[in-house]
Structure formats: structure tokens, C-alpha cells
Amino acid sequence: MTATRKVRVRFAPSPTGGLHLGGVRTVLYNYLFARRHGGDFVLRIEDTDQSRYVPGAEEYIFSCLAWAGLEPDESPLKPGAYGPYRQSERKAAGLYQQYADQLVRDGYAYYAFDTPEELEKMREQFRTEDNPSPQYDHNVRMEMRNSLSLSLEETNVLLEKGIPYVVRIRMPEKETITFTDMIRGEVSFDAGLSDDKVLLKADGMPTYHLAVVVDDHLMEITHAFRGEEWLPSAPVHVLLWKYLFGLDKMPQWAHLPLILGPQGKLSKRDGAKYGFPVFAMNWTDPRSNELTEGFREKGFLPEAFTNLLAMLGWNDGTEQELFSLEELTEKFSIDRVHNGGARFDYEKAKWFNHEWIKRVDINKLQEAVSPLLAEHGFDVSDQHRVAKVLGLVRDRCTLLPDFIEQAGFFFQRPANIDAAAVKPKWSEAKNLFFTELIRNFELATLWKAEELENNFKEIAAANQLKPGDVLLPFRVMLVGGKFGPQVFDIAEVLGKEETVRRIQQALPLFN
RNA sequence: GGCCCGUUCGUCUAGGGGUUAGGACAUCAGAUUUUCAUUCUGAGAACAGGGGUUCGAUUCCCCUACGGGCUACCA
């Protein structure tokens, strides 16, 4: 690793469906690392499996990153000097075949002509209780149909006849592969235990194994982050680097701990099962029409989302837990990433969101909440007023949709008045009080919370009532129920006319 | 089955040879807010087990257990 190389990292999702928590966290760590080191963050689309192509999945990934504020420096949408950024296009440009050929030529890989049926037959044949999943490895490769077991002539005949083939890596029988992972330190594998992975498929497409090495090289990637589930195939990649480009050029690997669900690796199924989102945004599978909920639609702020993701496996060594993206950029370091998998805790996730709703810039809050309010038919044309309302109720909202309930009465007269909360303690004195209050309010010239409260208390005293006796009825009149912020603040925002009208309309319900 | 990774309160984690093992979420109990939420205070709650190494291990090493991942012409 030459220290002088510019840091370049990449996130390489396959566009096969929604983008889940773990994926976004990988993006986040990539992004943070790139920013921290003045490097580039590249988004590369791993669409080498045509059979798994899902329309819309790619666009969906772009939107998720945009929403989370984790925009790449280079991507299919924003090509840099290392394009194309889709592997299907890179394949079309002939980028992979030559390396597969080179490997075969050098004896590190071979052609294999086995059909899927033959492979299945082999697995069945060798499957025992002790070996439930037989591999295509050095133990069996000489019994299969490939350029190792066949003579050169036989191989050439098959090749000339156009018999479909794949290129497989020839894993060395006795070799220990060791490399240093940024998170785990030194890890080593016995190469002979791994199977001869397919590098190039029969359709000419590379598999992930070939593509990731070739592309990381061509794109000059210096640090490669990915989930821990990739660790077992890392020796294949290391070997490929050694054969093709040299270990000194290999990026530094960092295998991120997994994000676990209630049981095992977090899956989209967990979301529906336990009632929390697992994708960044809502995703509807175009085939099954099945909807998987996203954090955005559930009502999370992007600030909270990135914050909680960052804390799932990383901390800065202090007791601070609330970090803006800017702060994270400043403080993130890969060696403070925890090794163990982290179980996702939705309760804590909500806490993060609550905190961010309380502290985020009011303009950003407005941006996120106004559309929601508008959707519910509330008039949000007066943005100044909306800001005031949000400021008043934000403390009591954990998820964005909570604003509908918490702020709704500012925009719409309550449909139901909780008279039952008031009636048992209602009295003629109170009725008189409110009649007088209406008169007083109608004449008010200064419509300010403080002023209103003073008037309110004076009138109460004049009627031999304690303010507390009439505060709750007043609240119920304005809000409809026993909730909401300071009642005089509410009255101020509601305005004179509306406040008076609500008192007038509710009063008969208590008598 | 094989291989790999991991293991501190229920959860996310700090710490690291000698600490009352710290914080946060959640839970419970109080206080404040004449609504609710916020806020505040407090409580209970953890080093998986066994061997070493050491004057001393939660911390270092080994084994076991447990958890997880991988074991496709998927990524």
C-alpha cells in the first residue's frame, strides 16, 4: 500500500432490491472514511447477474443515498475518470474476459464445461452426513469436465464447438492465505479448503469474485469495506490480486461486523415480523408487489438515521452519542469500529430520532414535516406559522407522523371534544368565567401568551376560581383533549378569532 | 459436517492486568411541569465456562460452550 495514493473507496451494491440498514451503514463508513481522508467515494453497480435484475432497484439506491445525505463523488449518475460504473457496461467494454484468459494462461484458472445437471450430480454423489455441501475443489476437479482433467486437444475441441464453459480459479491445495484486515487484524485461511470459485460465467459475465478484484484495481480503490459475510471468500480475492495485479496494489480490507436482527443476520423479513423498518426507504418488489417499510416513510430524519447507524458498531471513545454527519466526518476512525455483530434495537433507534427531532434545525424539520401535514389536508402555506407550531410540539414527537396528532389542532378545529374530562367538575361559576373570558379576549389588543395568561388569571380570581380549575377546560376547548403544549402558547398561535370561536363552540358541550 | 469471525448489564457499548467495571436505550420508582410529552433524580441489571501466565486476571494465551457468517455459473 503506497501511502501516497489518494484514498478511494467504493460501495458496490447489486440492484436486486431494497437497501437495508447494513448496506447504508457500509455506505456511511465508506463516505466518512473518504471525507476524513480527503478521498473519493465511488458508487459502482454490481449488476453481473442478469437473472436477478430488478427494475427500479438502481434508481432506488440512488434516492436512498440522496435522502441520507451520503452522495457519492462518482457514480453511474455522476461519472468520473474511472467509468463505466455499471459492471454490465464494463463487461460490454470487454474489461473482464482478458483477465480471465490471463489467469488460464498462467495456470491459475481453468475452463470448466460441466453443466448445472452435472454439478448437481456431483454434489449428490459426494454428499454425506459429514459433508453436507460438497464443493468443486481439488478433491473432485479431476473427476469433472474441465481443462485440467481433459487433454489439451479435448479441451480445444469443446472450445471450438462452442460448448458453454465457465472459468474457475484453481485454488492451491496447500497454501495459507493471510492478510491484515483493518478491523480484525491478521486473518488466515487454508486455500485448499475453499472451492474453485467460478470467475467467469457461461454468459461471459464475471462473477463478483473476478469483478470486485478487476474493478477495484481499475478504479484504483485503496480501501475496501464490506460486510463480514464476505470474509470466507476473501482468500479468493487475495489470490486473484496476487495473480493479476500484485499484493502491493491490493486495497486494505475492512470486513464490517454484521447487523443482527432478533435472530441472526438482519433480514427484510424481520421488519414485517417485528414491526420496524429495515430498508432506508419504502421498497416495493415489482414482482411480488410486496412492500418493505423504510426508515424515511416510518418518519425518521436522515440526521437520526445516519447517527444511529454510525453508532451501531462504532463510538468515539467518549460518552457522546449524538453526532451530526459533520461531526462524524471529523471523528470517524476505522480502528474504533467494534468487531462483534450488533443487534439492531428499534427502541434505541426511536430515541435517536426523538433527539434529532428536538435538536435539528427548524428549517430542516419543516422540510420533512410540511409535506406530511399537507397530505393530511392541513394548510401549510404560512411557513412562519408552521415553524412556530413545530417548535411548540417537537418535544413530544418521536416519529415524524406524530406531528399529525400533536400539531393537527393548530390547523383544524378538533373534531371531538373530550367533554368527559371536564364535565364531572364543571360548574356554573366556570361557565360564567368562560363567558367573561370570551368578552375579555374579544376586546384584547395585544394577543400574546403572557398577556392572555394574565387576563385569564385575573378573571379567574374575580370569579373566586383558581387558575388550575379552569385551565384544563380551556385546554380541552382549544385542543379537544388532554394533551399539547402550554395552553396560552396555543391560544397565541391560534389567534384571537379562532380561540374565541373554539371557546364559544365548546362551551355548550360542558353545560 | 467443514472453515472463518465473534462473546462486558435485556440491547448498543466504554474500559483494560490492581476500577465501587462507566455511559446510553429499555424497565421500575420518585420529583417537576395545575394536561400530555419533555426534563431531572434514583434503583435494579454484565465481564459465557474451565484451564493456564501472573503477586494479581474481566483484560494476555489455550480449550470448551454459545452466537453468527460462509460453504451457488447470488451478491
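Values in this document were obtained by computation on a predicted structure and should not be read as measured data. Every chain is numbered from 1 and lettered A, B, ... according to where its sequence line falls, protein lines coming before strand lines.
Remark: the A:Arg394 side chain and the A:His354 side chain contain no N/O donor-acceptor pair separated by less than 3.5 Å. Side-chain atoms of A:Gln320 and A:Glu327 include a donor-acceptor pair closer than 3.5 Å. A:Ser333 and A:Asp335 are linked by a side-chain donor-acceptor pair at a separation below 3.5 angstrom, with hydrogens and angles left out of the test. Residues A:Trp426 and A:Asn431 have side chains that never bring a donor and an acceptor to within less than 3.5 angstrom of each other. A donor-acceptor contact closer than 3.5 angstrom is absent between the side chains of A:Asp190 and A:Thr176.
Of the candidate nucleotides B:rA75, B:rU35, B:rU34, B:rU34 has the atom lying nearest to any side-chain atom of A:Leu471. Considering only the side chain of A:Leu231, B:rC5 comes nearest among B:rC3, B:rC5, B:rC74. Which of B:rC25, B:rC74, B:rU38 sits closest to the side chain of A:Glu347 comes down to B:rC25. Closest to the side chain of A:Glu229, out of B:rG68, B:rU38, B:rA75, is B:rA75. You'll find that the side chain of A:Ser133 is closest to B:rU71, out of B:rC25, B:rU71, B:rA75. Closest to the side chain of A:Lys348, from the set B:rC12, B:rA14, B:rG68, is B:rC12. In the set B:rU35, B:rC70, B:rC12, B:rC70 carries the atom at the smallest distance from any side-chain atom of A:Lys265. Out of B:rU35, B:rU34, B:rU13, the shortest distance to the side chain of A:His338 is found at B:rU13. For A:Arg396, the listed nucleotide lying nearest its side chain is B:rU35; candidates were B:rG1, B:rC25, B:rU35.
Distance A:Lys197 NZ to B:rC74 C1': 11 Å, rounded to the nearest Å. At whole-Å resolution of the value, CD in A:Gln263 and P in B:rG69 are 10 Å apart.
For A:Arg475 and B:rC36, the shortest distance from a side-chain N or O to OP1 or OP2 is not below 4.0 Å. OP1 or OP2 of B:rG6 sits under 4.0 Å from a side-chain N or O of A:Asn339. Side-chain N/O atoms of A:Lys201 include one lying less than 4.0 angstrom from OP1 or OP2 on B:rA75. Listed pair A:Lys350 / B:rA26 fails the phosphate criterion, with no side-chain N or O lying under 4.0 Å from OP1 or OP2. Between A:Arg336 and the phosphate of B:rG15, there is a side-chain N or O to OP1/OP2 separation shorter than 4.0 Å. Neither OP1 nor OP2 of B:rC3 sits under 4.0 Å from any side-chain N or O of A:Ser194. Listed pair A:Asn315 / B:rA14 meets the phosphate criterion, a side-chain N or O lying under 4.0 Å from OP1 or OP2.
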Each nucleotide N or O in nucleotides 19-21 of chain B that has a protein N or O under 3.5 Å away: list the pair and distance.
none

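The two residues A:Phe352 and A:Glu321 have their closest heavy-atom pair at CE2-O, 3.4 Å.
Residue order along RNA chain B, read from the 5' end via each residue's closest nucleotide, puts A:Gly340 first among A:Gly340 and A:Asp345. For the pair A:Val166 and A:Asp395, nearest-nucleotide mapping onto RNA chain B gives the more 5' position to A:Asp395.
A:Trp314 and A:Phe323 have their aromatic ring centers within a separation under 6.0 angstrom. Separation of the A:Phe456 and A:Phe474 ring centroids falls under the 6.0 Å cut-off. Aromatic pair A:Phe300/A:Phe305: centroids not less than 6.0 angstrom apart. With ring centers used as reference points, A:His237 lies under 6.0 Å from A:Tyr208. A centroid separation of 6.0 Å or more is found between the aromatic rings of A:Phe276 and A:Phe295.
A:Pro257 comes within 4.0 angstrom of no nucleic acid atom, judged by non-hydrogen atoms across all strands. The residue A:Arg123 sits close only to the backbone: its heavy atoms come under 4.0 Å of sugar-phosphate atoms, none of a base. A:Gly313 comes within 4.0 angstrom of sugar-phosphate atoms only, judged by non-hydrogen atoms across all strands, and of no base. Here A:Ala342 lies in heavy-atom contact (under 4.0 Å) with sugar-phosphate atoms only. Among the heavy atoms of the strands lying under 4.0 Å from A:Thr48 are primed sugar atoms or P, OP1, OP2 only; no base atom is included. Using a 4.0 Å heavy-atom criterion, one finds that A:Asp190 contacts no nucleic acid atom at all. Residue A:Pro13 is classed as having no contact, given no heavy-atom separation below 4.0 Å to the nucleic acid. Residue contacts shown for A:Val187 are limited to sugar-phosphate atoms, with no base heavy atom under 4.0 Å away.
Ring pair A:Tyr346/A:Phe344 is tilted by interplanar angle, where 30° to 60° counts as tilted. The aromatic rings of A:Tyr29 and A:Phe332 sit tilted relative to each other, their planes meeting at an angle between 30° and 60°.
Rounded to whole Å, the P atom of B:rG22 lies 24 Å from the corresponding atom of B:rA29. Taking atom C1' in both B:rG15 and B:rC60, the straight-line distance is 16 Å, to the nearest Å. Here the separation of B:rC47 from B:rU8, taken at their P atoms, is 11 Å to the nearest Å. B:rA72 and B:rU54 are spaced 47 Å apart, taking the P atom of each and rounding to whole Å. Going from the C1' atom of B:rU20 to that of B:rA45 covers 15 Å, rounded to whole Å. For B:rU7 and B:rU13, the P atoms lie 10 Å apart once the distance is rounded to whole Å. Comparing B:rC12 with B:rU71, their P atoms are spaced 25 Å from each other, to the whole Å.
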Exercise for the section: Under the side chain to side chain contact (heavy atoms under 4.5 Å, CB included) rule, what do A:Phe483 and A:Gln406 come out as? Steps first, then yes or no, please. Expected result: CA-CA 8 Å; A:Phe483 65 98; A:Gln406 291 297 331; 3.9 Å; yes
Problem - Per-nucleotide protein contact string for nucleotides 39-45 of chain B (B base, S sugar-phosphate only, - none; heavy atom under 4.0 Å) - result: S------
Practice task
Sugar-phosphate atoms are those with a prime plus P, OP1 and OP2; base atoms are the rest. Using that split, label each nucleotide of nucleotides 61-67 of chain B B, S or - for protein heavy atoms under 4.0 Å, 5' to 3'.
Solution key: -------
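Taking the centre and axis of the six-membered ring of A:Phe11, the NZ or CZ atom of A:Arg44 falls outside the cone set by 45° and 6.0 Å.
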